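Presented below is the structure to which this report refers.
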Amino acid sequence: MSEDRSAVLSRKDFVSDQEVRWCPGCGDYSILAQTQKVLPSIGIPREKYVFVSGIGCSSRFPYYMNTYGFHTIHGRAPTVATGIKTANPELSVWIVTGDGDGLSIGGNHLLHTIRRNLGVKILLFNNRIYGLTKGQYSPTSELGMRTRSSPMGSVDYPVHPCCFAVAAEGTFVARAIDSDTKHLAMVLERAARHEGTAFVEIYQNCVIFNDGAFDSVTERDDGTVHLVDGEPIVFGTNRGKGIRRKDGALEVVTLGNGVGEKDLLVHREDEPDPGIAFQLARMDAPGFPVALGVFRSVRRPTYEEMVEEQIRRAREEKGPVDLDALLREGECWEIK
Amino acid sequence: MSEDRSAVLSRKDFVSDQEVRWCPGCGDYSILAQTQKVLPSIGIPREKYVFVSGIGCSSRFPYYMNTYGFHTIHGRAPTVATGIKTANPELSVWIVTGDGDGLSIGGNHLLHTIRRNLGVKILLFNNRIYGLTKGQYSPTSELGMRTRSSPMGSVDYPVHPCCFAVAAEGTFVARAIDSDTKHLAMVLERAARHEGTAFVEIYQNCVIFNDGAFDSVTERDDGTVHLVDGEPIVFGTNRGKGIRRKDGALEVVTLGNGVGEKDLLVHREDEPDPGIAFQLARMDAPGFPVALGVFRSVRRPTYEEMVEEQIRRAREEKGPVDLDALLREGECWEIK
Amino acid sequence: MERSTEQPKTRSVPIEEVEQVVIRFAGDSGDGMQLTGSQFTHTSAVIGNDISTLPDYPAEIRAPAGSLPGVSSFQIHFGSTDVQTPGDQPDVLVAMNPAALKVHLPDLSRNARVLVNTDAFTPQNLKKALYESNPLEDGSLADFQVVKIPITTLNARALKESALPKKQLDRCKNFWALGLLYWLYDRPLEPTLDWIRAHFAGRAEIAEANAAALKAGFVYGEVGEVFTTHYKVRKASIEPGVYRKVSGNDALVLGCVAASLLADTPLLYASYPITPASDVLHGLARYKHVGVRTVQSEDEIAAMGIALGAAYAGNLGVTGTSGPGLALKGEMLGLAVMTELPVVVLDIQRAGPSTGLPTKTEQSDLLLGLFGRSGDSPVVVLAPATPADCFAIAIEAFRIAVKYMVPVVVLSDGYLGNGAEPWKLPRAADLPKIDVRHPNDPKGFLPYLRDPTTLARPWAIPGTPGFEHRIGGIEKADKSGNVNYDPANHQLMTELRLRKVEGIADDIPEAAVEGPLRGDLLLLTWGSTYGAVSQAAKKARAMGRSVGHVHLRHLNPFPRNLGDLLRGYEKVLVPENNTGQLRFLIRSRYLVDASGMNKVSGQPFKIREVLAKIEEFI
Amino acid sequence: MERSTEQPKTRSVPIEEVEQVVIRFAGDSGDGMQLTGSQFTHTSAVIGNDISTLPDYPAEIRAPAGSLPGVSSFQIHFGSTDVQTPGDQPDVLVAMNPAALKVHLPDLSRNARVLVNTDAFTPQNLKKALYESNPLEDGSLADFQVVKIPITTLNARALKESALPKKQLDRCKNFWALGLLYWLYDRPLEPTLDWIRAHFAGRAEIAEANAAALKAGFVYGEVGEVFTTHYKVRKASIEPGVYRKVSGNDALVLGCVAASLLADTPLLYASYPITPASDVLHGLARYKHVGVRTVQSEDEIAAMGIALGAAYAGNLGVTGTSGPGLALKGEMLGLAVMTELPVVVLDIQRAGPSTGLPTKTEQSDLLLGLFGRSGDSPVVVLAPATPADCFAIAIEAFRIAVKYMVPVVVLSDGYLGNGAEPWKLPRAADLPKIDVRHPNDPKGFLPYLRDPTTLARPWAIPGTPGFEHRIGGIEKADKSGNVNYDPANHQLMTELRLRKVEGIADDIPEAAVEGPLRGDLLLLTWGSTYGAVSQAAKKARAMGRSVGHVHLRHLNPFPRNLGDLLRGYEKVLVPENNTGQLRFLIRSRYLVDASGMNKVSGQPFKIREVLAKIEEFI
Ligand SMILES: Cc1ncc(C[n+]2csc(CCOP(=O)(O)OP(=O)(O)O)c2C)c(N)n1
Ligand SMILES: Cc1ncc(C[n+]2csc(CCOP(=O)(O)OP(=O)(O)O)c2C)c(N)n1
Ligand code: SF4
Ligand code: SF4
Ligand SMILES: [Mg+2]
Ligand SMILES: [Mg+2]
C-alpha cells in the first residue's frame, strides 16, 4: 500500500461499475463528479477510502465510488464511520448524508461525531426536502413550506446546519453549492486535507421535489459571498458590498462614500472564538448574502489520535501481553 | 379549573407524598425546592402542570412534584412532552433532564423540540457526569476526566449546552446554578412565563461522582457574571471587571484607567443576532467568567400555536364534520 | 354514448362474454400508467364489476427514461365473480415501451395478449432496455398474441388539429391506449371524460386533447381491424350501496378519522416518513378540520413518544411506520406497556430484513410486533385482511386500546397499503361506538386500580383537578402505581399485564371457517394473504377437495376457538409471506404440526401457487 | 496464625463440622458490606471451599443513611460440596443496623442465626427503618437465634489506642464483624491481613486499625462467651489448579480480551452505560495495553453501529447493554444480518419491561434477542450458565461470528453479571483458536460468494488493495452483493441467511443430560438458572426421582439432539425467570407439551422452590 500507487490515480479510478440512479438534473451528480475529481489529487491510495452513508437519495453515493463503501441505515452513518475510523485510523473515512438523514433522525450522531473531532469528512447534501421518500419537509425546509406531509405549510422552524456544526465544536465547517463546481471542488479538497472532523454542507438542488430551492441565492449577484481566509468580506456586483460588524451583530454595507474594505470584517478561519463563524454561517436571505466557503478551520487533537496515544501509553506502561499472565492478574489462589 | 384556585396555592401544594431519594447534599434538592417555591406564583392551577423526565438521578424529579408527572425513558422526555403539549396546549409542560439524558442519548430530541419552539420548559441538570449509572463521563465532562469508563481520561471534547440551544434556534436560553437559589428562582420564574421553548441549563453538584465540579466557578468572586438585560456586562469584586468586544470576539477588561461601563458590551436578551448569545454562553474558565442568567429571550409563534391555527383555519374553510359525508368525499359510485 | 364528429363508420365486431380479466398497463414512469390504470378501475367499478388493483412503482424516484428500473405498472383484475386479488397473471399486457415489455414478459403465461406501442421500439429505447435485438422482430414473442400498434403515431394523427406542442400531445397517448382497452372490454367513456373535464378544468386545450385521444383509441378498436372480437364482463352481483375505491393506506386514514369521531376524542398521529407508510401521514394531514393533529417527528422513536404523550394527555394517540421504524419504537412501546396507555402503532410491513426491499411487500414483522421489546411485555396485535378491512381494523384497534388501556399494534403491509379494492361505505350509525371514560371522582382514585372485568386502569388525564399522579417505566406498585421494587409485586404486575391481554380473547369474535368445519386440510392465514388463499381454497373445494380456510384478524390474543378449529383437520398449512412466523406461534400454542408455505420474494401469493400447494398437500 | 500482643487467654470452644453455610452480611451502604463479603469469600476460596456469591446493592446511589432503601448486602455460600448457587436462605444474617434487619428478615427460615450490632438500634435508626418498636426487645425475633453484640462499642474499645478520629475508627467495625465470623467458621486471618496491608499501603494508621479490628472480632469469638460452638467446613474436592474469583461481567471482559488474543485481532467494544452492563465497559477500558479500544458512545444505537463499523474494518466488534438498550439496537442489528458481519452483542438482562427493575435479574430478553428486528433476520443466540462460563461463552461467540460471518447475541443477566464464583484458570494453550481469515487474492473476489460449507461470505476489509466493494442494508444479489430487487434473489438470500444460522448446529456440542437419559421428568434450562435447577434435580434424584436436566448454552440454533432428548421423558418442565420464553420456542420447534415454572420477581430461583415444583410434577 505504498503512497506511490496513488500518484497515478485518475478520476475514473474512482468511478464504480454501478449505473448512477439519480433523477436527471439532480444536484447529486455534480457533487459526485467533483469528489471523483478531487480524490486522485489527495495522495491517498484508493483502498484507503471508505464512503459511509445513511439512507436517502444522497446516501446512494457510495455505490458510485470505486472505493470501499457502506450504505448503512437511516441517520446512523456517523456511528458506523466512528467504528471504522477508530478501528483503523489510517483510513480516509467519508460520511455522505442528507438534511433528513443527517439532521432529522441522525442529528444526535452528527453532534457527537463532530464534538469528538473524529477524523472523518461529513458531506451533508442539503436539498431542504426528503427526496427518497418523495417530498416531505425536512429540518432545513423553510417555515410554511407546503409538502405532502404539510398541506397547509410546515410549522417547524428550520435549523442551520453550519451553525449546528459550529455549536458542536466543529474544527472544520464549510459550505458549498452543487452548481459552483470549482468552488465545491476547492472545499472538498480542503475537507479531504483537514485533520479532525470536516463538516461540509452542500446546497443541492432536488429537481423533483424542491426545484429551485437555492435560486434566490444563485440568481442574484449579491446572493452569495465567498469567504477567503485573511481577507475582508466583500461581495456583490463589482465587489461593491461588504460585511461589517455593528454592535456585535453583522451588517451589510455598500462600499464607497468613505466606507472601504478596511472597515469590513476580515475573515479568519482560525479565529479562536467560534461565535464569529456562527454569525457568518447564519447569514441568510433576505437581508444578507449566504456565505460559501470555509467558516472555521482549526487544528486540535482528533479522537483517534487520543485513543491511539492512550493505547501506546498503556502498552508502554504495562509491557508486552501474555494471555496466561493476564488471566492470573487478579487475586488468585491455588488448589493442590 | 378556574384561575382562582391557583391564587391560594403554596409551596407545599407542590410537594408530593413520595420520599425524596437523592444523595444527601445533592444539588437536585435545591432545584426541587426552588421549583416548588416558584410555581405557586405563576398563576396556573396545579392540575395543569405536567412534569416529564427521562432517566437519571435528575429525572426522578416528577415523583416529588404533586402535579401530573411522567418519568419516561432515557433521553426521550422531549418526545412525550411534545405529544402532551400538542394534544393539549393548555398544559404547562416541564421537561426535566440531565446532561446525559438530554445531551447524550437525547440530544436529537432536544434539538428538534427547541427548534420547533414548542411551548415547554426544559430544565437540564448539568452535573457533568452520569450520576445514576455511578459515574461515567458525560457529554459535558471535561476532556481528560478520569471516570470508571475513562481510566486514562476522557477523549471526548465537551459540548456547551447553552450554545447548543442557541444553535437550535432557542427563543429562551438561560443558565443558573443550584447553589445560588435566589438567582435560580428568578430564572425558573422567567422560564415559566416564557411562551415558546424555555431552555435552562442548571449547574448541579453531584456530591458523589463529581463533587466540586463548579467550585472553580463559585469559589472566585470573578468566576461568574450575572447577565442583566439592557445593562453593561460587569462582574468581579466590586464590579471591577467587564466584558468588552474586540474584533468581534469578547475580552475581559478591568474597569478604571479610562475604561468605563460605557465601553462594555450591553446585554440584550432580545438581540436579533443569536451569535452574541452564543458567544456569551460559551465563555468559560480559564480566561472568562461563566455567565449566569438569560442569554436570549425572544418571542415568536410557538409550534402549538401554529398547529392550532391550522386546525382553526381548516375548520373554518371546511365547516362542520359529519362522518357519513366525510366517507363519501372521494370518487364514489352507487350499485343498486 | 357521445362520439366525435369525425367518427368513421363502425364495423361490427362480435362480442364475447368473459367472467374475469386481468390487465396490466406498463410503461415508463413518465407514461402515466398509474393514471391509466386507475381510470380503467374506476370505470369498471362504476359499471358494477368486482375489482382489485395493484400499482407497482419503481424504487428510484426518477430512473432514466426508458430504462428498466424506470418501468411503472398498474394491474387491474375485474370480473363478474370472485375478484379478491389483483390477479395471478395478466391476460393482457399493455407495454408502452421496450423496457416495460422486458420487465413484465416473464409474468405472462403462454398465449397471453401483448399490446405494444411499436413506435417506442426505437434502437435507442431497445438499448436502454438492454435488448440485443428487437423482440418484435426476432421471434422471441412467438408464444404470445402480440398486437402491434403504432400508438404514438395514431395518437398524434388523431390530435393533429390541436394547437398544443407535439411533446404535450404525445403525453396523451396513455388515454389513446385507455380508449382502445375500453373498446376491447366494452366500457363506457363517460366516467373518464367526466374526470378529464373536472381534472383539467381551466386547461381546456389539454382536456380536449386527452378526450380526443381517448375517443380515438376507442374508435380505432372498432374500425382498426386488429381485433376480431371484443369482450363483455357482466356486472358482478355486488351488494347494493355506495362504493368507493380505497387502498389500505386510505382506509387506515379513514378508519383513524372515524375512530376519532366515534370516540368523540381528538386524534394525534405522529410519524416519520417511510415507505410504504408515508401515505398515512399524508392522508391524515388533510383532516385538520376534524381536529386531527399530525406531527412529522424527527424519527420513529420520537413519533412513538409523541403518540404516547398524546394518549397520556387524553387524545387517541397513534403512530405509523414500516418495519425498520417498528424496530426503533420497541423501547418506547415497552414504556407504553408499563404505563398501560391506549396507544396504537401501525406497521405497514415491507420486505426485510434491514432496508431490504422498501417498495416490496412482506409479512415478516409479526414476531417483532409481538416480542420486539425487553422483558415480558405483551401487546395486542391485529392485522387487516384486505385494503378495505384496514378501515374496520383501525376502529377495532382504538376500541381495544381505549377499553383495555393497552397498546395495540396493527400489521398492514405494502400490498394492502398500495393495493385497492371497492369498499361499500358503511353508515356511521352502524359503526361500533368507542366508549371513552375518564374517571371523574377523585375520591379513592388510584392510577393502577383496575376495572375488575377488563383489568384496565383508569385513564385520568392531565388538566383534571384532583387526579394529579405520576407514572413511569419503573415497575409500579399494584393499585397505587408508585415506584415499587418488591419482588412479589413485580411477579403480580407481570402476570396482570399478561392476563389483561389474554382476557381480550373474550371480547373478540371467534374465528370463522370458510369451507367445511372439519376435513383434510386447513389453510390458516393472516393479513394480506387472505384474498389469494381464500380463492385458492374455494377453487380447491370446487374441485372436490376438503379444504377449510381460517383467516385471523386478531393475532394476539388469538380467538378462543382457534385451537379447536385447528384440531378439526388432518393437516394444517400456513401460507405466509415470511419464513414461518404465524406457523411458529400456532405450533407453540396449540402443539399442532402445522406446515408452512413461505414466499419471501417481495410479492404476494398467486392463487395458483396456493392451489398447487394444496394439491401437493392433500 | 499471628495474634495481636494484647490477645487475652483463649477459652476452648467445641468445633462442629458442617457441609455448607450461607451467610448474608447486611448493613447500610456506608457500612462496607460488599468489602466484608468479598473478603470472606476470598478467604474461603483460598482455604479450598467451594463458593458462590451474590451482592445486592440499593437501587439509589446513596439513599439516606440508615434508611430501608439504603441497605446493601452480600451473600456467600461456601461448603465442601455442591455449591452452585449463592444459597437459598441465609443460615446466618449479620445485620449492622435496624434497616438491614428489617429488609432481610423475611428471607430467613425459623431458627436462623441473626447477629445484630445492638449499638445501631438507636431510636433514630429504628425510626429510619420504620420500626414502631425495637425488634430486639418486643419479642418479634422469637423465632430466630438472635446474637446481640454491641459491635460499634467493642470495635471502638479495641481501637482505643489508635490516633485516628472516632468516625474513622467506627468505619472499621465491618472488619471487627468479619473477624468474628472468621472465628465462627474457623477461617485464617492472613488472607485479609495481606489484603489490608496491600490495599492501605502508605496509609499505615488505617491499615493498623483495620487489622486490629479484624483481630479483635476474632478474639471476641474465642473469649466473648456468646457462642457455645464454632464450625468447620472442610475443603471441597476441587480440581487442582489456580483459581480466581470472577463475576459474570469480569468473565465477559476476560473472555473478550482472550478472544482478541486468540484471534490475533484487535477488539473494539462500544457501549453506552446501563445497569447491569456498565462494568463490562469499565473492565474492558482497562485493557488498552492489549490493544482493546473502548468507545463510550452517545447511545445504544451508536454503540451497535460503532461495533458494526469496527467489524467491517476488521476488528472484533462487540457491544454490550441491557434489555432497553437491546431493544434500541434492533434496527442496526438488522443491518448486521444483511451485511453478514461478525459482530457480537452482549445483553446483561435485567427485570423488565421498560425501565422495570434495573438492579434485579430476569431472563426475559430471549425472544427480543431472537426476533427483535424487522423482516426475517436470524442471528445466533448464546447464553452462559454461570459467572465463570461467561468467559467461555465470549470466546464461543467470537468463534462463531468470525467463522460464519454472522452476528451473535449473548444473553447474560444481572444475577450472573454481579454474582461470582471461583474459576479455575484455563491455560491459554488449551483455549480454542479463533481462525480469522481475510481473502488475499482479489481475482474472482465477490463480496457475497460464500464458503460452500459454512456459507460464510469473505471478510474483505478496507485498506486492502483490490477488494474495494460496497455493502449495505438493501437486499444484495447472491454472490456479487450488488443492490438487487429481483424477487427470486430475495427469496434465495432470505433462505441462505436462515440456512447459514441453522447449519451452525453441526458445529456446536450436542446437549448433555445430567441424570438419566430417559425418565419421568426433564428439566430444561438456559442461562443463570443452571445452578439452582441442577442442584434441585440432583437432590430429587437423591430422593429417588427420575429427573434429568438439560441445560442449553446455544439457543439459536439448538443442539441437533435436543428433540430426541426431550422425547425421552414423560414430562418436560422449563423453569425460567420470565413468563415462558424458552418453553415457547421448544413447544413450537419440537411439539413437546412442555410446562413452565416462571418466576418473574427479579430474583433467581431457590433450589427448594425448584425441588418443590419437581415434587408437584412427578
Ligand atoms: C428508520 C427509517 N426511517 C425512515 C426511513 C425512510 N427514509 C428514507 S430516506 C428518508 C429521508 C431522506 O431525506 P434526506 O436525508 O434529506 O435525503 P435525500 O433523499 O433528500 O437526499 C427517509 C425518511 C428509513 N429508510 N429508515
Ligand atoms: C436506553 C437506556 N440506556 C441507558 C440507560 C442507563 N442510564 C440511566 S441514567 C443514565 C445517565 C444519567 O446521566 P444524566 O442524564 O447526566 O443524569 P444524572 O444521573 O447525572 O442526573 C444512563 C446511561 C437507560 N436507563 N436506558
Ligand atoms: S428526488 Fe430529488 S434528490 Fe432524489 S435523485 Fe431525484 S432530484 Fe435528486
Ligand atoms: S449520584 Fe450525584 S446526582 Fe445522583 S443523587 Fe447522588 S449526588 Fe445527586
Ligand atoms: Mg434531503
Ligand atoms: Mg448528569
Side-chain angles (χ1 to χ4, degrees), chain A residues 1 5 16 18 45-53 55 62-63 65-74 76-88 90-91 93 108-109 111-112 307 310-311 313-319 321-324 326-328 330-336, chain D residues 42 45-46 48 238-246 254 257-258 261-262 266 268 270 288-291 293 295 297-299 301-302 304-315 317 331-332 334-335 339 425-428 431 462-474 482-483:
Chain A
M1 281 159 276
R5 296 179 59 253
S16 84
Q18 297 294 296
R46 188 175 64 181
E47 69 273 11
K48 297 225 167 163
Y49 283 102
V50 188
F51 279 79
V52 186
S53 65
I55 300 284
Y63 291 121
M65 296 293 302
N66 192 12
T67 61
Y68 284 91
F70 203 149
H71 183 211
T72 73
I73 51 177
H74 199 33
R76 317 298 175 187
T79 71
V80 174
T82 300
I84 295 169
K85 185 71 182 176
T86 310
N88 186 352
E90 291 204 356
L91 299 172
V93 180
N108 203 38
H109 306 304
L111 165 69
H112 291 283
V307 169
Q310 291 195 346
I311 288 189
R313 253 174 49 216
R315 286 206 153 114
E316 201 175 276
E317 282 162 21
K318 305 211 179 157
V321 173
D322 167 79
L323 180 52
D324 280 309
L326 199 139
L327 294 180
R328 280 154 186 75
E331 263 183 302
C332 297
W333 65 90
E334 197 172 348
I335 302 283
K336 295 204 175 121
Chain D
H42 181 63
V46 167
I238 295 176
E239 256 187 275
V242 177
Y243 283 77
R244 167 176 178 178
K245 197 186 77 168
V246 281
L254 291 169
V257 171
L261 291 169
L262 294 168
L268 189 150
K288 296 197 178 18
H289 56 297
V290 188
R293 285 163 182 78
V295 180
S297 57
E298 59 271 28
D299 66 16
I301 301 176
M304 185 75 236
I306 293 167
L308 185 63
Y312 173 64
N315 271 20
E331 193 204 4
M332 187 63 84
L335 180 63
T339 52
L425 294 172
R427 292 188 328 149
L431 293 173
T464 332
F467 292 92
E468 291 84 353
H469 68 282
R470 275 71 51 194
I471 57 173
I474 300 183
N482 287 332
V483 167

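As the structure is a prediction and not an experimental result, all values here were calculated from the model. Hydrogens, waters and symmetry mates are skipped; everything else that's a heavy atom, side chains included, is used. Order of the sequence lines sets the chain letters (A, B, ...), proteins ahead of strands, with each chain counted from 1.
Most heavy-atom pairs under 4.5 Å with chain A, from the set Gly473(D), Pro240(D), Ala270(D): that is Pro240(D). Here Val483(D) is the residue among Leu431(D), Val246(D), Val483(D), Leu308(D) with the most heavy-atom pairs under 4.5 Å with chain A. Ranked by non-hydrogen atom pairs under 4.5 Å with chain A, the options Leu335(D), Asn315(D), Leu254(D) are led by Leu335(D). Note: Val242(D) leads Ile238(D), Val242(D), Thr339(D), Leu268(D) in heavy-atom pairs under 4.5 Å with chain A. Here Ala45(D) is the residue among Ala45(D), Gly317(D), Ala311(D), Gly334(D) with the most heavy-atom pairs under 4.5 Å with chain A. The greatest number of non-hydrogen atom pairs below 4.5 Å with chain D, out of Ile55(A), Asn66(A), Ile73(A), is found for Ile73(A). Note on His42(D), Lys288(D), Glu298(D): by heavy-atom pairs under 4.5 Å with chain A, the leading option is Glu298(D). Most heavy-atom pairs under 4.5 Å with chain D: of the set Lys85(A), Lys318(A), Lys336(A), this distinction falls to Lys318(A).
Ring centroid separation for the pair Phe70(A) and Phe51(A) does not come in under the 6.0 Å cut-off.
Looking only at distances, no side-chain donor or acceptor of Glu90(A) sits under 3.5 Å from a matching main-chain atom of Asn88(A). Tyr68(A) places a side-chain N or O within donor-acceptor distance of the main-chain N or O of Thr464(D), the cut-off being under 3.5 Å. Arg313(A) contributes no side-chain N or O that, together with a main-chain N or O of His289(D), makes up a donor-acceptor pair within less than 3.5 Å. A side-chain donor-acceptor contact under 3.5 Å links Asp322(A) to the backbone of Asp324(A). Looking only at distances, no side-chain donor or acceptor of Thr86(A) sits under 3.5 Å from a matching main-chain atom of Gly83(A).
Looking at Gln18(A), the atoms closer than 4.5 Å to chain D (heavy atoms on both sides) all sit in the side chain, from C-beta outward. Both the backbone and the side chain of Leu327(A) come within less than 4.5 Å of a heavy atom of chain D. Interface remark: Leu111(A) contributes no atoms to any contact with chain D (heavy atom separation under 4.5 Å). In this structure, the portions of Ala302(D) lying under 4.5 Å from any heavy atom of chain A include both its backbone and its side chain. Of the atoms belonging to Met304(D), not a single heavy atom falls under 4.5 Å from chain A. Contacts of Val257(D) with chain A are made by side-chain atoms alone, with heavy-atom separations under 4.5 Å and no backbone atom involved. Of the two parts of Leu261(D), only the side chain, counted from C-beta on, holds a non-hydrogen atom closer than 4.5 Å to a non-hydrogen atom of chain A. The parts of Gln310(A) that come within reach of chain D are both its backbone and its side chain, each placing non-hydrogen atoms under 4.5 angstrom from that chain. Only the side chain of Val321(A) has a heavy atom closer than 4.5 Å to any heavy atom of chain D. For Pro266(D), no part lies under 4.5 angstrom from a heavy atom of chain A. If you measure heavy-atom distances from Tyr312(D) to chain A, the contacts under 4.5 Å come from the side chain alone.
Looking at Arg470(D) and His71(A), their side chains never bring a donor and an acceptor atom within 3.5 Å of each other.
Counting non-hydrogen atoms of other residues, nucleotides and ligands closer than 6.0 Å to CD of Glu334(A) gives a total above 12.
Ion pair Glu331(A)/Arg244(D) not flagged as a salt bridge, since none of the NZ, NE, NH1 or NH2 atoms sits closer than 4.0 Å to an Asp/Glu carboxylate oxygen.
To the nearest 0.5 Å, atoms CD (Glu47(A)) and CG (Leu91(A)) are separated by 9.5 Å.
Nearest approach of Val52(A) to Ala77(A), heavy atoms of both residues: CG1-O, 3.7 Å.
Side chains of Leu425(D) and Arg328(A) form a contact here, defined as non-hydrogen atoms less than 4.5 Å apart.
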